[in-house]
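Okay, so here's the structure we're looking at.
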Amino acid sequence: LKRASIVRDDDSFKRNLNLYLISENSDGTLTVPTATLKKNVKIWLNKNRMINDTVDILNGRILNISIDFVIIADLEFNKFNTLSMAMTALRQKIQTPEIGGAFYISDIYKILNDVKGVLDVHSVRVKQKTGANYADLGFDILDQMSPDGRYFTVPQDVIVEIKYPLQDIKGAIK
């Protein structure tokens with residue numbers, strides 16, 4: 001079990017709770033939990049919950065994204081080393097938010113601006129990844145973007161993941 005999030009089900013008359021679960025594969029990528037894992041969570045919950053609580057255990061959904069950025073390098077530094085350091089910093093420091101948590105693009109700007117040799121971040125684009133090795137979630141990032149473009153929100157059962165950081169984080173230098 002990698003992440004869990006519990007939210008009150010507003011559509012329920014009995015104050016039902018929805019528990020969303022996400023697991024992790026052996027390679028460190030996110031996946032839906034197995035039936036056995038959900039059964040074990042159910043057994044544990046039944047021993048520890050209040051008698052009036054009703055909990056539905058549900059699979060979380062995964063939104064795979066990629067990040068493309070353009071930075072402006074200081075002329076006193078090697079451009080290619082600066083770009084390499086920026087990509088490494090972003091791959092190491094970017095955090096997977098909680099289930100239902102917003103994804104902050106402003107964090108990407110901060111990480112990149114803190115890299116030695118980066119004068120400024122020209123642009124950052126976040127796109128959804130779909131296809132053979134990615135989750136197939138119908139989601140429009142631009143529809144959920146904040147008015148100032150600093151973050152986007154996801155539904156309470158969705159978690160954002162950069163599945164393959166080496167392929168899904170790309171940078172350029174200006």
Side-chain angles (χ1 to χ4, degrees), residues 1-9 17-42 44-45 55-71 83-115 118 121-172:
L1 188 64
K2 178 68 173 180
R3 297 267 202 276
S5 174
I6 193 158
V7 293
R8 188 169 164 194
D9 187 352
L17 300 172
N18 291 335
L19 177 62
Y20 298 105
L21 303 178
I22 289 289
S23 296
E24 188 176 55
N25 282 333
S26 58
D27 64 358
T29 60
L30 300 179
T31 187
V32 295
T34 63
T36 304
L37 179 62
K38 287 172 38 175
K39 183 179 176 184
N40 288 341
V41 170
K42 182 178 180 177
W44 184 86
L45 278 174
V55 180
D56 291 333
I57 301 173
L58 306 167
N59 292 335
R61 299 182 300 156
I62 301 166
L63 172 64
N64 295 123
I65 62 167
S66 66
I67 299 171
D68 294 326
F69 65 88
V70 178
I71 57 174
L83 180 59
S84 177
M85 289 187 315
M87 290 176 61
T88 300
L90 196 53
R91 290 175 181 144
Q92 290 175 348
K93 295 180 181 178
I94 197 78
Q95 298 289 321
T96 300
E98 297 296 323
I99 298 172
F103 185 84
Y104 287 89
I105 297 167
S106 57
D107 289 347
I108 297 169
Y109 279 90
K110 180 170 178 11
I111 292 168
L112 293 173
N113 277 319
D114 287 345
V115 173
V118 173
V121 179
H122 182 267
S123 64
V124 173
R125 289 186 50 215
V126 177
K127 298 182 287 186
Q128 180 178 4
K129 295 290 283 189
T130 57
N133 295 322
Y134 296 98
D136 194 25
L137 176 67
F139 188 82
D140 188 353
I141 291 175
L142 291 177
D143 275 353
Q144 301 303 316
M145 190 70 68
S146 67
D148 59 5
R150 293 184 347 191
Y151 65 92
F152 64 90
T153 58
V154 295
Q156 61 190 11
D157 64 336
V158 173
I159 188 167
V160 178
E161 174 190 37
I162 302 169
K163 189 167 190 171
Y164 304 111
L166 294 177
Q167 300 166 10
D168 296 338
I169 296 176
K170 296 178 184 166

- prompt: Going through the checks in order, is the side-chain contact (heavy atoms from CB on, under 4.5 Å) test met by Ile141 and Lys127?
  reply: CA-CA 7 Å; Ile141 291 175; Lys127 298 182 287 186; 5.6 Å; no
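- When each of Asp157, Val41, Ile99 is paired with Leu21, the side chain to side chain contact (heavy atoms under 4.5 Å, CB included) condition holds for Val41 and for no other.
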message: Under the criterion side-chain contact (heavy atoms from CB on, under 4.5 Å), I'd like the reasoning laid out for Val124 against Ile67: C-alpha separation, chi angles, the key distance, then a yes or no.
response: CA-CA 7 Å; Val124 173; Ile67 299 171; 4.2 Å; yes
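- A pairwise comparison of heavy atoms in Pro97 and Ala102 identifies CB-O, 3.7 Å as the closest pair.
- Among residue pairs with one or both ends in residues 121-141, those qualifying as ring pair (Phe, Tyr, Trp, His ring centres under 6.0 Å) are Tyr134-Tyr164; sequence neighbours excluded.
- In this structure, the separation between CG on Asn113 and OG on Ser106 is 11.5 Å, given to the nearest 0.5 Å.
- Judged by distance alone, with hydrogens and angles left aside, the side-chain atoms of Arg3 form a donor-acceptor pair with the main-chain N or O of Thr96 at under 3.5 Å.
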- request: Decide yes or no on side-chain contact (heavy atoms from CB on, under 4.5 Å) for Ile105 and Met145, but give the supporting numbers first.
  value: CA-CA 10 Å; Ile105 297 167; Met145 190 70 68; 3.6 Å; yes
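- Of all heavy-atom pairs spanning Leu83 and Gly171, the tightest one is CD1-C, 3.7 Å.
- Residues Val7 and Tyr20 meet the side-chain proximity criterion, which asks for heavy atoms closer than 4.5 Å.
- Not one N or O on the side chain of Lys129 forms a donor-acceptor pair closer than 3.5 Å with the backbone of Lys163.
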message: side-chain contact (heavy atoms from CB on, under 4.5 Å) for Leu90 and Phe69? Distances and angles first, verdict last.
response: CA-CA 10 Å; Leu90 196 53; Phe69 65 88; 3.9 Å; yes
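- Counting heavy atoms from C-beta outward, Ile62 and Leu137 have side chains that stay 4.5 Å or more apart.
- Panel note: side chain Asp148, backbone Arg150; a donor-acceptor pair is recorded below 3.5 Å.
- Here the side chain of Asp9 pairs no donor or acceptor atom with the backbone of Asn18 at under 3.5 angstrom.
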